[in-house]
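Input: a single structure, listed below in structure tokens.
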Amino acid sequence: MTTDHGYPAVRMHIAGEWCQGGSGRTAPVLDPATEEEIGRVPLATPADLDRALDAAARGFGTWRDTPVARRTAVLHAAADLLTERAGAVGRIMTLEQGKPLAEAAGEARRVADTLRWHADDARRAYGRIIPSAPGTLLSVRREPIGPVAAFVPWNFPAGGPMRKISAALAAGCSIVVKASEETPATAMELVRCFADAGLPDGVLNLVFGEPAEVSARLIASPVTRLIAFTGSVPVGKLLAAEAGKVMKPSLMELGGHAPVIVCADADPVTAARRAARAKFANAGQVCTSPSRFLVHESLAEEFTAAFVAAAEAVVVGDGLAEGTTMGPLANERRLAAMERLVADAVARGAKVRTGGERLDRPGYFFPPTVLTGVPADAELMREEPFGPLAPIVPFTDLDEALATANALPYGLAAYGFTESAATAERLAGALEAGILSINHCGGSVHEAPSGGVKDSGYGREGGPEALDAYLITKRVSHLLAS
Ligand code: NAD
């Protein structure tokens, strides 16, 4: 069933059933390109959440005891369904989140591949046998931790849920996912792929609700064994503290404010083009988005001119319209934040080189914006912008740039541009970040771990490390002969 907008009727998925919340309470889902209501998302009651927990407890028993070859086959089947449906899923994502259709369908296809990667890795969750005394078998086993409670945001409506679902299911865990109430239908379509692929009931449950109510109940429940969160630093700290109170481990993938250091020996035009492409992807609403551009003073003018040209070449519009390369911001909060950050920077002496004001049309449109002369105490230099703002700041020597880069409590991504292998190694050693890219600003890949240091969180997603949080390590020493 779909609405007039071609948007599906959103349902939760609990114990293998598609359902409304028990109270009938719903919240609106808006199209950020028009600000129109395109659907309603059901909100869970405490009783709905308890049913989801109960289902996850039973689902865990079933899934843990399913042969790994069968588990892998189900996950591959779900990935194949998602690949087939990527165009339709992408359209739903564009309607509810705003990103251009090609970007949205690309995200759906990419996360199908993430699922395949994790499905294969499930077969390699090896333990080990340790040399020991004769008659003794000393082993280390890796076992699924148990039911997981996951909370994911709206910026990657497919990528956010899939990173957690794929790692949890590959490890043999069950999961209750609270996806964003602002982008619920993409999450629903992902879950549909698993259900259609034959995933047993209760292994994957999807709920929506009042975020604080949902997280409090899921975290406190004795059923839940791991808390996995992607979102802002303040909410991450809150959930990690709640998990700590009940002695549960957590995986925290939080925000960043990624520095880009353009060294004196770099090609400023290439660096500007690559950095701008990454900056304006998903309208800057990416936790690893490059967001502080520290450019050697000898290159600053050339870099700025090339960056402004790249920003002005971006085609801002409705994500469903042909030719759009950047959609609206996902919600009104981001638009207000862009206006506040630009006004603060300008009040402190910054100059807007392009963009700077919301577009005069319905929808949460804010253009690619480049600022120079932004002082270090401007909010934009301290607070994650999570939007299409690019402050460019010149530096004189590399030590100064590294000190600026490391000065914030964030430590997620960092970028460097240099022709020198020695300088690249210096950046690699000195930058306080979990992810460093040299001479490019490419995104995450499922083969390699992503995650932060400092306030940007802990634990890793992607790579073989992705399963670590979802597995416990058990030592078994077995005296064979007495
Ligand atoms: P927010 O802090 O209100 O919410 C972030 C996410 O956490 C949302 O999905 C929200 O539903 C969820 N959330 C909020 N309170 C919660 C609670 N008590 N329990 C469980 N979940 C809860 O911020 P927002 O306005 O949605 O997004 C703005 C900021 O969030 C950005 O500035 C950015 O820093 C951060 N963010 C980061 C990522 C990321 O990938 N790390 C993604 C989205 C947003």
Side-chain angles (χ1 to χ4, degrees), residues 56 59-60 62-86 89 106-127 142-152 156-177 179 186-187 189-200 203-206 225-230 249-253 434-435 443-451 459-473:
F60 176 54
T62 310
W63 192 237
R64 178 194 50 201
D65 296 339
T66 301
V68 71
R70 171 73 193 146
R71 293 207 308 245
T72 299
V74 171
L75 300 187
H76 271 284
D80 291 346
L81 287 174
L82 182 53
T83 302
E84 269 171 49
R85 299 173 188 177
V89 173
E107 181 178 329
R109 276 190 290 274
R110 206 169 54 248
V111 304
D113 243 6
T114 300
L115 176 56
R116 289 186 186 99
W117 198 87
H118 280 115
D120 291 338
D121 218 34
R123 311 178 83 128
R124 292 185 282 267
Y126 306 128
R142 306 196 79 204
E143 297 177 354
I145 192 167
V148 177
F151 306 91
V152 289
F156 287 102
M162 187 57 97
R163 277 181 156 200
K164 297 192 171 20
I165 295 169
S166 57
L169 298 192
C173 298
S174 60
I175 186 165
V176 180
V177 182
T186 303
E189 294 307 325
L190 294 193
V191 171
R192 197 188 304 285
C193 293
F194 287 94
D196 292 351
L199 188 73
V203 177
L204 168 57
N205 304 277
L206 176 68
R225 295 297 175 88
L226 170 73
I227 318 307
F229 174 74
T230 299
S250 56
L251 173 65
M252 290 286 152
E253 159 72 72
I435 307 164
S444 300
V445 291
H446 37 256
E447 300 87 354
S450 295
R460 291 293 179 268
E461 297 194 306
E465 288 86 350
L467 296 194
D468 288 350
Y470 298 88
L471 295 168
I472 58 156
T473 299

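Every heavy atom of this structure was used, including side-chain atoms; hydrogens, water molecules and symmetry mates were not.
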Within this structure, what is the [atom1]-[atom2] distance for the pair [X] and [Y], rounded to the nearest 0.5 Å?
| X | Y | atom1 | atom2 | result |
| --- | --- | --- | --- | --- |
| Thr186 | Met162 | OG1 | CE | 11.5 Å |
| Cys193 | Glu84 | SG | CD | 8.5 Å |
| Leu75 | Ile165 | CG | CD1 | 10.5 Å |
| Arg460 | Leu251 | CZ | CG | 9.5 Å |

Restricting to non-hydrogen atoms, name the atom on [X] and the atom on [Y] that form the minimum distance, rounded to 0.1 Å.
| X | Y | value |
| --- | --- | --- |
| Ala78 | Phe194 | CB-CD2, 3.8 Å |
| Phe60 | Gly172 | CE1-O, 3.3 Å |
| Val89 | Ala108 | CG1-CB, 4.1 Å |
| Gly59 | Val203 | O-CG2, 3.7 Å |
| Ala170 | Leu467 | CB-CD2, 4.1 Å |
| Asp121 | Gly463 | OD2-O, 4.4 Å |

Item to check | Side-chain donor-acceptor pair present, Arg163, Ser444, cut-off under 3.5 Å | outcome: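 Yes, Ser444 and Arg163 have a side-chain donor paired with an acceptor closer than 3.5 Å.
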Side-chain donor/acceptor pairs under 3.5 Å, residues 143-150, sequence neighbours excluded:
from: Glu143; atom 1: OE1; to: Lys474; atom 2: NZ; distance (Å): 3.1
from: Glu143; atom 1: OE2; to: Lys474; atom 2: NZ; distance (Å): 3.1

Item to check | Salt-bridge criterion met for Asp113 and Arg116 (N-O under 4.0 Å) | outcome: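 Salt bridge between Asp113 and Arg116, a charged N being under 4.0 Å from a carboxylate O: yes.
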Checklist entry - Is there a donor-acceptor pair closer than 3.5 Å between any side-chain N or O of Thr72 and the backbone N or O of Asp120? => result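 Judged by distance alone, no pair lies under 3.5 Å.
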Item to check | Flag, side chain of Ser166 to backbone of Leu115, donor-acceptor distance under 3.5 Å | outcome: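 Here the side-chain-to-backbone pair does not exist.
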Next on the checklist: Working note: Lys164 + Thr230, criterion side chain to side chain contact (heavy atoms under 4.5 Å, CB included); need CA distance, chi angles, decisive distance, verdict.
Outcome noted: CA-CA 9 Å; Lys164 297 192 171 20; Thr230 299; 2.6 Å; yes
Checklist entry - Do Tyr470 and Pro249 come within less than 4.5 Å of each other through their side chains, counting heavy atoms only? => result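 Result no, sub-4.5 Å side-chain heavy-atom pair not found.
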Next on the checklist: If you count heavy atoms of other groups shown closer than 6.0 angstrom to CZ of Arg225, is the number above 12?
Outcome noted: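 No.
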Next on the checklist: Suppose we screen for salt bridge (Lys or Arg N to Asp or Glu O under 4.0 Å). Which residues come up paired with Asp196, at least two apart in sequence or across chains?
Outcome noted: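 By the salt bridge (Lys or Arg N to Asp or Glu O under 4.0 Å) rule, Asp196 matches Arg85.
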Name each donor-acceptor pair under 3.5 Å that joins a side chain in residues 62-70 to protein atoms two or more places apart or in another chain, with its distance.
from: Thr62; atom 1: OG1; to: Arg58; atom 2: O; distance (Å): 3.2
from: Trp63; atom 1: NE1; to: Leu169; atom 2: O; distance (Å): 2.9
from: Thr66; atom 1: OG1; to: Thr62; atom 2: O; distance (Å): 2.7

